[in-house]
K.L.:
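Attaching a single structure in structure tokens format; questions to follow.
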Amino acid sequence: MSVASSAEAAFQKHYGSAPAGLWAAPGRVNLIGEHTDYNDGFVLPFALPQQTVAAVAPAREPGWTVHSDLADEPVSFGTTAPGDIGGWAAYVAGVVWSLQQAGFDVPPARIALSSDVPLGSGLSSSAALESAVLTALTDLGGFDLPVEKRPGLAQRAENDYVGAPTGILDQSASIRCQEGKALFLDCRSLEVEQIPFDLAAAGLAILIINSNAPHQHVDGEYGARRKSCEEAARVLGVPALRDVPVEGLADALARLDDEVMRRRVRHIVTENQRVLDTVELLRADRVRDIGPLLTASHASMRDDFEITVAQVDVAVEAALAAGAYGARMTGGGFGGCVLALIDADRAEETTAAVVRAYAEKGFTAPTIWPATAAAGARKL
Ligand code: ADP
Ligand code: MG
């Protein structure tokens with residue numbers, strides 16, 4: 001059964017009536033541009049076919065009730081403040097709160113959620129959930145809320161209500177991506193450009209390799225990287241590391257005493273440039289040629305930003321050894337997924353090579369599938 005039909009069936013089962021509509025929002029992979037979002041830099045995500053669907057109807061009773069096929073119990077809440085609701089339902093209560101904070105009169109609603117975005121794998125199931133609910137409530141309430149303002153409200157739910165200090169990448173991708181395109185986002189101006197990303201036409205494919213590695217220390221390490229970048233920007237006297245161009249990198253590094261901080265800065269500055277270079281190549285229809293940039297991004301995350309783990313490094317190495325044009329970890333790090341750019345007819349060999357490498361290392365088996373660039377949040 002599709003995610004949409006199971007959300008609809010779940011609504012019917014739990015509430016005894018049909019939903020007013022179905023709203024979908026996808027998970028995402030970031031093609032390149034990691035940890036650049038909170039440095040006011042550039043990112044280039046695309047949306048996955050995996051999505052979260054919210055079946056929603058206005059409620060006659062006050063407040064909100066939400067079921068998820070990934071949770072045992074429904075959760076009901078009235079108007080809340082950060083801290084009132086914990087666990088998975090905080091993402092939903094956070095969206096209601098964030099809309100209310102922005103001045104919207106959010107209609108009481110019944111919600112049933114179904115999703116096939118893997119949770120906690122760096123494919124942004126959290127943003128898919130927030131974006132589906134935000135889009136549904138915006139439509140039901142008839143809010144005048146332009147699409148470019150929506151990611152910020154979903155991000156606020158995650159930052160200030162759930163308490164996860166993430167940047168604007170995930171929600172922007174889930175809300176603003178388009179089918180067949182990668183989303184070139186300037187995280188300072190929030191301007192976007194839809195970049196053609198037609199892998200099939202080039203005879204190429206992207207494999208997503210979920211390392212299935214247990215996430216460890218993610219929140220603490222993420223916060224530490226963020227602090228380090230902010231501290232470096234302060235020392236360098238710039239508003240954000242985005243303001244250090246790659247030509248100014250050597251000068252900037254010479255002005256920093258701390259070796260760790262120097263490496264963090266080098267990752268962000270070179271990563272921003274790699275996003276710009278990737279966009280140039282895609283605009284020129286040279287998809288295959290982005291491979292080395294992907295691999296360089298991985299090396300930078302591994303050696304300078306230090307956010308990879310053995311499982312993702314092994315997946316990258318095995319994919320490259322099997323002939324991939326490029327491969328990198330995608331997402332915040334410390335586990336999660338790797339993407340590999342390959343010839344479309346090499347998917348089986350590449351998959352087998354990665355599976356073999358994992359078995360040799362004694363790692364839990366990876367999950368591997370080809371990705372296509374799918375649509376962003378929408379009413380179905
Ligand atoms: P990621 O966004 O990479 O998948 P996060 O830790 O940011 O990982 O978000 C995962 C959390 O989001 C889950 O632990 C759960 O609390 C919540 N979540 C996401 N999707 C759903 C869903 N469909 N139903 C219930 N909770 C969900
Ligand atoms: Mg998330």
K.L.:
Does a side chain donor of either S211 or Y358 reach within less than 3.5 Å of an acceptor in the other side chain?
P.N.:
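Y358 and S211 do not have a side-chain donor-acceptor pair below 3.5 Å.
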K.L.:
Report yes if the distance between the aromatic ring centroids of F184 and F197 is under 6.0 Å, otherwise no.
P.N.:
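No - the distance between ring centres of F184 and F197 does not fall below the 6.0 Å cut-off.
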K.L.:
With P366 as reference, evaluate V312, V355, I208 under the side-chain contact (heavy atoms from CB on, under 4.5 Å) test and give the passing residue.
P.N.:
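Answer to the side-chain contact (heavy atoms from CB on, under 4.5 Å) test with P366 among V312, V355, I208: V355.
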K.L.:
Establish, yes or no, whether a centroid distance under 6.0 Å links the rings of F11 and H14.
P.N.:
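Ring centres of H14 and F11 not closer than 6.0 Å.
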K.L.:
Going by side-chain contact (heavy atoms from CB on, under 4.5 Å), M329 matches just one of I307, V316, L294. Which one?
P.N.:
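Filter result, single survivor: I307.
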K.L.:
Does a donor on one side chain sit under 3.5 Å from an acceptor on the other, for T138 and T135?
P.N.:
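Looking only at side-chain atoms, T135 and T138 do not form any donor-acceptor pair under 3.5 Å.
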K.L.:
When you look at R328 and E271, which way does the salt bridge (Lys or Arg N to Asp or Glu O under 4.0 Å) test go after all the steps?
P.N.:
CA-CA 12 Å; R328 65 182 288 275; E271 185 76 352; 3.6 Å; yes
K.L.:
Side chains of R28 and T330: do they bring a donor and an acceptor to under 3.5 Å?
P.N.:
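There is no such pair between these side chains.
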K.L.:
Between R288 and Y325, does any side-chain donor sit less than 3.5 Å from a side-chain acceptor?
P.N.:
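The answer is yes; a qualifying pair exists.
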K.L.:
Do T308 and D313 have side-chain N/O donor and acceptor atoms under 3.5 Å apart?
P.N.:
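The criterion, which ignores hydrogens and geometry beyond distance, is satisfied for D313 and T308.
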K.L.:
Would you check if there is a donor-acceptor pair between the side chains of S124 and D170 at a distance under 3.5 Å?
P.N.:
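Looking only at side-chain atoms, S124 and D170 do form a donor-acceptor pair, the distance falling under 3.5 Å.
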K.L.:
Checking H35 side chain against H267 main chain: does a donor-acceptor pair fall under 3.5 Å?
P.N.:
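Side chain of H35 to backbone of H267, a donor-acceptor pair under 3.5 Å: no, none is there.
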